[in-house]
Amino acid sequence: MISDPWFWALAVPAVALTGISKGGFGGGASVATPLMALTIPPAQAAAIMLPVLCLMDIAGLRAYLWRWDRRVVRILVPAALLGAGVGALTIRSMNDDWIRIMLGTVALGFLAWTLYPRKNISIQRPGRAAGWFWGSLSGFTSFITHAGSPPVMVYLIPQKLEKDAFVATSLIFFFTLNYSKIIPYLWLGLVDARVLATAAALVPVGVAGTYAGLWLQRRIDVRWFYRLIYTLLFLTGSKLLYDGITGL
């Protein structure tokens with residue numbers, strides 16, 4: 001497995017935060033791959049995260065089984081699978097610096113959209129066409145870097161779902177999307193013994209984080225969790241964008 005201590009110093013908290021996010025907070029999953037990509041190639045970081053995400057999805061989904069919004073799922077899931085297919089066909093043409101630029105742009109873009117004053121955002125719920133656009137974009141960015149959360153949140157948040165329905169819809173969306181990526185990742189040669197060994201060491205951290213999120217969601221002020229996520233997104237997004245641009 002990867003031996004770089006800096007990788008583990010970033011990977012362990014990143015995976016733990018991802019697990020807490022999937023346990024009921026939402027929004028934190030976008031930080032894991034960017035943090036890992038500070039020390040290893042982005043494609044390798046994405047490959048390591050895939051098995052971890054797949055197992056965390058099972059733990060989270062069991063807690064919210066059948067609570068998702070079926071109308072939203074029927075729009076977003078097919079769109080995401082289409083976007084993931086495009087990602088599978090184009091990832092070989094993207095070098096590490098372009099992927100770093102994508103990661104940094106998505107992280108900072110999501111941060112800007114999230115912090116934009118809500119009173120200036122239209123209260124109208126996005127329709128089917130918007131769902132296909134944001135779902136496809138989410139599938140594409142998720143396949144390349146597991147950064148599918150920002151685009152899909154642009155569509156999901158204005159739907160004004162109940163909390164449990166919101167979390168469950170997000171979980172079933174990414175459960176389907178992540179498992180659909182397994183065969184393409186194998187076909188592209190992104191998964192090898194080193195990746196699997198590293199992922200296996202991180203799985204317990206992610207699953208523990210998921211159950212910690214289930215326990216914490218009603219016991220702590222979520223604002224502190226989001227402040228930490230937003231700070232990490234800003235720092236890692238800025239660093240990746242700078243590294244990608246200077247590396248071209």
Side-chain angles (χ1 to χ4, degrees), residues 15 17-33 49-85 87 106 110 113-114 118 121-143 146-183 206-219 222 225-226 229:
V15 171
L17 287 171
T18 300
I20 292 172
S21 170
K22 287 184 175 292
F25 286 87
S30 301
V31 78
T33 305
M49 277 303 298
L50 182 58
V52 181
L53 289 170
C54 286
L55 291 174
M56 282 194 295
D57 286 339
I58 294 175
L61 195 62
R62 289 179 60 189
Y64 291 92
L65 198 61
W66 303 115
R67 301 185 193 180
W68 51 80
D69 187 293
R70 290 169 176 76
R71 178 188 63 85
V72 173
V73 168
R74 283 196 296 266
I75 294 171
L76 287 179
V77 169
L81 295 177
L82 175 64
V106 170
F110 179 57
W113 185 86
T114 302
R118 281 288 182 266
I121 298 178
S122 171
I123 61 174
Q124 183 178 1
R125 295 183 183 183
R128 180 176 292 271
W132 271 90
F133 173 78
W134 292 112
S136 299
L137 183 60
S138 177
F140 177 78
T141 56
S142 179
F143 188 90
H146 300 312
S149 182
V152 81
M153 289 302 139
V154 175
Y155 178 78
L156 268 182
I157 289 175
Q159 299 298 320
K160 299 182 175 64
L161 302 176
E162 295 293 331
K163 182 180 179 181
D164 282 357
F166 178 85
V167 175
T169 301
S170 301
L171 284 169
I172 191 63
F173 174 80
F174 285 109
F175 174 87
T176 306
L177 182 55
N178 286 331
Y179 276 87
S180 75
K181 292 185 283 190
I182 294 175
I183 293 178
V207 173
T210 301
Y211 285 108
L214 291 168
W215 185 83
L216 287 170
Q217 64 168 319
R218 292 182 175 89
R219 292 174 172 85
V222 298
F225 178 76
Y226 286 120
I229 294 300

Got [X] and [Y] here, is their nearest side-chain heavy-atom distance under 4.5 Å?
X	Y	value
W68	L171	no
S170	M153	yes
Q159	R71	yes

Quick one: pull up [atom1] in [X] and [atom2] in [Y] and give me the separation to the nearest 0.5 Å.
X	Y	atom1	atom2	value
M56	N178	CE	CG	8.5 Å
S138	W134	OG	CH2	10.5 Å
T176	D57	OG1	CG	9.0 Å
L82	F140	CG	CZ	11.5 Å
E162	D69	CD	CG	11.0 Å
F174	T169	CZ	OG1	11.5 Å

Between [X] and [Y], what is the shortest heavy-atom contact and its length?
X	Y	value
A212	I20	CB-CG1, 4.4 Å
G131	A79	O-CB, 4.1 Å
I182	C54	CD1-SG, 4.1 Å
S180	L177	OG-O, 2.6 Å

Just by modelled atom types, is the [Y] backbone N or O under 3.5 Å from a matching donor or acceptor in the [X] side chain?
X	Y	value
Y155	G135	no
K181	H146	no
S142	G139	no

Kindly indicate, with the supporting measurements, whether the criterion side-chain contact (heavy atoms from CB on, under 4.5 Å) is fulfilled by Y179 and I58. CA-CA 11 Å; Y179 276 87; I58 294 175; 3.0 Å; yes

Per the side-chain contact (heavy atoms from CB on, under 4.5 Å) rule, which among L81, V152, I172 passes with L76?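 For L76, the side-chain contact (heavy atoms from CB on, under 4.5 Å) test succeeds with only one of L81, V152, I172, which is V152.
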
